[in-house]
Amino acid sequence: MSKELTSRAENYNQWYNDLVLKGGLADYSAVKGCMVIKPYGYALWENMRDQLDRMFKETGHVNAYFPLFVPKSLFEAEEKNAEGFAKECAVVTHYRLKNDPDKKGRLMVDPEAKLEEELVVRPTSEAIIWNTYKDWIQSYRDLPILINQWANVVRWEMRTRLFLRTAEFLWQEGHTAHATKEEAVDETVKMLDVYANFVEEYMAVPVIKGVKTPNERFAGAEDTYCIEALMQDGKALQAGTSHFLGQNFAKAFNVQFLNKENKQEYVWATSWGVSTRLIGALIMSHSDDNGLVMPPRIAPIQVVIVPIYKGEESKPVIDGKVKEIMAELKALGIRVKYDDSDAARPGWKFAEHELKGVPVRIAMGLRDMENNVVELARRDTKEKQSVSIDGLGNYLKHLLEEIQQNIFNKALAFTKENTREADSWEEFVKMLDEQPGFISAHWDGTPETEEKIKELTKATIRCIPLDNKLEAGKCILTGNASTQRVLFARAY
RNA sequence: CGGGAUGUAGCGUAGCCCGGUUAUCGCGCCUGGUUUGGGACCAGGAGGUCGCAAGUUCGAAUCUUGCCAUCCCGACCA
């Protein structure tokens, strides 16, 4: 078979790559570190994007678009932010090519066309946006500004992986400006909740909400909140971040407003983003050795119908019935596809749709029609059953929700089973190797200790959970006093 | 960017060590036919700058050098 998949046990990384490539989500491209998102993968992203966009708008945000390029002088204005991203910036230095006089048919960079000022290709847009906000904000009446943008960004990564880390990726970045610290902090937390709700309810990926340690904080932020998810190989994946930026960018770009008391004050800021990386989280949370498993709520195709026919004359009969069923399903808002191509036989189609993770497959032949039923197969449990055509639409509507719940519950159970407490260094190290997952352990709160643990084990502090209970204990490395446990894991 | 591996048709590969006509096989693709309830079968057919570039040689997929890409392992990161 040409579509043979590597199993998770055999080679987890290869399994992941196989799923992305053979599942038709994405492809490698001619550009180093960049991928092509194929129609099936992009349809998934569109569903994610559309739902997030609705949620942003429900929380009062509007969309806008800022330039891809950031003049270097603006980029460097907020020092910490600039420093944090400097190592991975693509930079435009020229604006023209010309024919190479030495090599016929080849082009070269025109040395005459050097830019006065280099342009940084945005790794994130705080700089260009705050430079713009400066002109938009004079009074407290101009606040808050609640803007989101859907964009591509470029971060020149040394080592890339499909969806998880590519040089260019798609994301959304929210950038808000507020009159008070409280309001900005509230916004930061509110958007973290939006992310957590979206990822759990639509992508069926359970997450831990938390705060990053200073080491892991976004460059230029006062506080970085995050959602962390646990993948099937026991490694953690940061699924989204929401930053309280304090007045750092307002000060760097001199963005002040007159408050009600007629006094100048610096604006308070937030920024928050999720990216196409979430697709990687989705794949590694739900999929199995037979292929992808798509959560129904965002699956590009929720139900696929495969006709089973014998001879030329039965096909039109089945077509007729399927047309009725399709109309009923579409009226209920179900994304349904009729796979009636004659190029492949049913068995091939079954395998193909399993590989692509279509939640429900329906097969129908004359035998079923006579009994007024269809054969229905769930992707998540691989169960097959005969279901009456009467009321099929409503049945599917409920079934899709049940599948959504089931794969979330399965992922949640996995996360819980693989979240353990370690109370000594020996236990901690042993767990990392033998039972990978989240490890809840005491930490003395110093960046030095965190760094040392990372150096020794490759495990990082994923977050300090928001719902953390305070509990006196001793740091697993230093034995120093600690007030709470934090979540460690090896991470993507 | 360092260490390792790989690169032959859309995919998977044989050939390479030991240079020698027209580069092997399977899947896929095209045409026609038979088929269709878990990856169909028969017959015919198309498809290759052997990753790219230079070199050695009468002759290079095969030997040498450089480069590029992908994968794995590190350093960096969402």
Side-chain angles (χ1 to χ4, degrees), chain A residues 1-6 11-14 16-18 21-22 27-35 84-89 103 123-124 153-173 195 212 215-219 224 226-229 236-243 271-281 290-291 306-315 318 339-355 361-369 371 373-377 382 384 386 454-455 458 460 462 491-492:
Chain A
M1 289 312 113
S2 61
K3 291 280 176 85
E4 207 57 61
L5 296 175
T6 308
N11 184 338
Y12 189 86
N13 292 325
Q14 192 58 48
Y16 175 81
N17 285 334
D18 280 359
L21 297 169
K22 292 175 181 168
D27 232 331
Y28 293 111
S29 74
V31 192
K32 186 180 166 68
C34 295
M35 66 176 179
F85 284 105
K87 294 184 296 296
E88 44 191 313
C89 284
K103 293 181 197 149
T124 179
V153 287
V154 169
R155 296 180 186 175
W156 214 263
E157 300 291 348
M158 291 175 181
R159 198 173 152 196
T160 57
R161 296 203 57 192
L162 296 165
F163 286 115
L164 297 175
R165 180 169 299 107
T166 46
E168 180 193 12
F169 58 90
L170 304 182
W171 78 346
Q172 66 51 228
E173 44 181 329
Y195 285 158
K212 287 289 187 189
N215 274 357
E216 301 277 326
R217 201 178 274 159
F218 175 75
T224 287
C226 65
I227 48 174
E228 291 282 328
L237 183 89
Q238 180 174 301
T241 48
S242 183
H243 314 291
S271 71
W272 26 273
V274 295
S275 73
T276 39
R277 184 181 223 206
L278 278 177
I279 293 174
N290 295 308
V306 178
I308 314 286
Y309 49 94
K310 291 190 172 67
E312 291 297 313
E313 62 285 351
S314 61
K315 176 75 165 33
I318 295 168
D339 186 3
D340 71 333
S341 94
D342 199 36
R345 294 168 79 256
W348 193 91
K349 291 176 183 172
F350 292 174
E352 185 67 11
H353 294 124
E354 266 163 31
L355 171 62
R361 180 188 72 233
I362 287 174
M364 191 171 75
L366 288 180
R367 209 165 71 202
D368 300 304
M369 268 185 74
N371 298 320
V373 295
V374 292
E375 181 195 79
L376 190 151
K382 311 268 286 190
K384 275 199 257 192
S386 232
K454 185 179 175 184
E455 206 182 300
K458 312 244 175 293
T460 49
R462 301 319 304 157
Y492 277 98

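Keep in mind that the numbers below use all heavy atoms, side chains included, and drop hydrogens, waters and symmetry copies. Everything numeric in this text was worked out from a predicted model, so none of it was measured.
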> What interatomic distance, in whole Å, is found between C1' of B:C71 and the corresponding atom of B:G51?
Replying inline: 15 Å
>> Tell me every residue that passes side chain to side chain donor-acceptor pair (under 3.5 Å) with A:Y492, counting only those two or more places apart in sequence or in another chain.
In response: A:D233
> Which value, in whole Å, describes the distance between the C1' atoms of nucleotides B:U13 and B:G3?
Replying inline: 28 Å
>> Regarding A:L21, tell me which of base, sugar-phosphate or nothing describes its non-hydrogen contacts under 4.0 Å with the strands shown.
In response: nothing
Under 3.5 Å, N/O pairs linking protein and nucleotides 34-36 of chain B:
residue, atom, partner, partner atom, Å
B:U35, O4, A:D342, OD2, 3.3
B:U36, O2', A:Y309, O, 3.1

>> Pair A:T124, A:F85 - check side-chain contact (heavy atoms from CB on, under 4.5 Å), show working.
In response: CA-CA 9 Å; A:T124 179; A:F85 284 105; 3.6 Å; yes
> Only one of A:R217, A:Q238, A:H243 forms a side-chain hydrogen bond (donor to acceptor under 3.5 Å, both in side chains) with A:T224, so which one is it?
Replying inline: A:H243
> In whole angstroms, how far is the P atom of B:G37 from the NZ atom of A:K349?
Replying inline: 10 Å
> Which residues satisfy the side chain to side chain contact (heavy atoms under 4.5 Å, CB included) test with A:K384, sequence neighbours excluded?
Replying inline: A:R361, A:E375, A:A377
>> Going by side chain to side chain donor-acceptor pair (under 3.5 Å), name the residues that satisfy it together with A:E168, two or more places apart in sequence or in a different chain.
In response: A:N152
>> Once you apply a heavy-atom cut-off of 4.0 Å, does A:G280 come out as touching a base, just sugar-phosphate, or nothing?
In response: nothing
>> Applying side chain to side chain contact (heavy atoms under 4.5 Å, CB included), can you list everything that pairs with A:A351, at least two apart in sequence or on another chain?
In response: none
> Which residues satisfy the side chain to side chain contact (heavy atoms under 4.5 Å, CB included) test with A:V373, sequence neighbours excluded?
Replying inline: A:D368, A:N371, A:S386
>> Base contacts versus sugar-phosphate-only contacts with protein, heavy atoms under 4.0 Å: please encode nucleotides 71-78 of chain B as B, S and - from 5' to 3'.
In response: SSBBBBBB
> Are the side chains of A:M364 and A:M369 in touch, meaning some heavy atoms are under 4.5 Å apart?
Replying inline: yes
> For RNA chain B, what are the stems built from at least three Watson-Crick or G-U pairs in a row, each pair having both distances below 3.5 Å?
Replying inline: B:1-7 with B:68-74, B:10-12 with B:25-27, B:29-34 with B:40-45, B:51-55 with B:63-67
>> Give me the distance, rounded to whole Å, that separates B:U36 from B:G48 when you measure between the C1' atoms they each carry.
In response: 35 Å
>> For a side-chain contact (heavy atoms from CB on, under 4.5 Å) check, start with the C-alpha distance between A:L278 and A:Y195, then their side-chain angles and the critical distance, and finish with the verdict.
In response: CA-CA 11 Å; A:L278 278 177; A:Y195 285 158; over 6 Å; no
>> Are the side chains of A:E157 and A:T166 in contact, using a 4.5 Å heavy-atom criterion?
In response: no
>> Tell me the interatomic distance from A:R361, atom CZ, to B:G37, atom P, rounded to whole angstroms.
In response: 12 Å
> By side chain to side chain donor-acceptor pair (under 3.5 Å), which residues pair with A:T160, not counting sequence neighbours?
Replying inline: none
> Whole Å only: how far is the NZ atom of A:K384 from the P atom of B:G38?
Replying inline: 7 Å
>> Contact between A:N290 and A:K382 at the side-chain level, heavy atoms closer than 4.5 Å - yes or no?
In response: yes
> Pick the nucleotide of RNA chain B nearest each of A:A343 and A:L366; which residue has the one closer to the 5' end?
Replying inline: A:A343
> Roughly how far apart, to the nearest Å, are B:C30 and B:U21 at atom C1'?
Replying inline: 30 Å
> C1' atom, B:G38 versus B:C42: distance in rounded Å?
Replying inline: 22 Å
> Whole-Å distance between B:G37 C1' and A:L376 CG?
Replying inline: 15 Å
> Which residues satisfy the side chain to side chain contact (heavy atoms under 4.5 Å, CB included) test with A:S275, sequence neighbours excluded?
Replying inline: A:F169, A:W171, A:R277
>> Tell me if the side-chain of A:E354 makes a donor-acceptor pair with the base of B:G39, cut-off 3.5 Å, by modelled atom types.
In response: no
> Donor-acceptor pair, A:D18 side chain versus A:L5 backbone, under 3.5 Å?
Replying inline: no
>> Rounding to an integer number of angstrom, what distance separates B:C27 and B:G39 when you compare their C1' atoms?
In response: 11 Å
>> Going by side chain to side chain donor-acceptor pair (under 3.5 Å), name the residues that satisfy it together with A:D340, two or more places apart in sequence or in a different chain.
In response: A:K315
Hey, what are the protein-to-nucleotides 41-47 of chain B N/O distances that come in under 3.5 Å?
none

> If we take the P atom in both B:C67 and B:G4, what is their distance in whole Å?
Replying inline: 14 Å
> If the C1' atom of B:G32 is compared with that of B:C25, how far apart are they to the nearest Å?
Replying inline: 25 Å
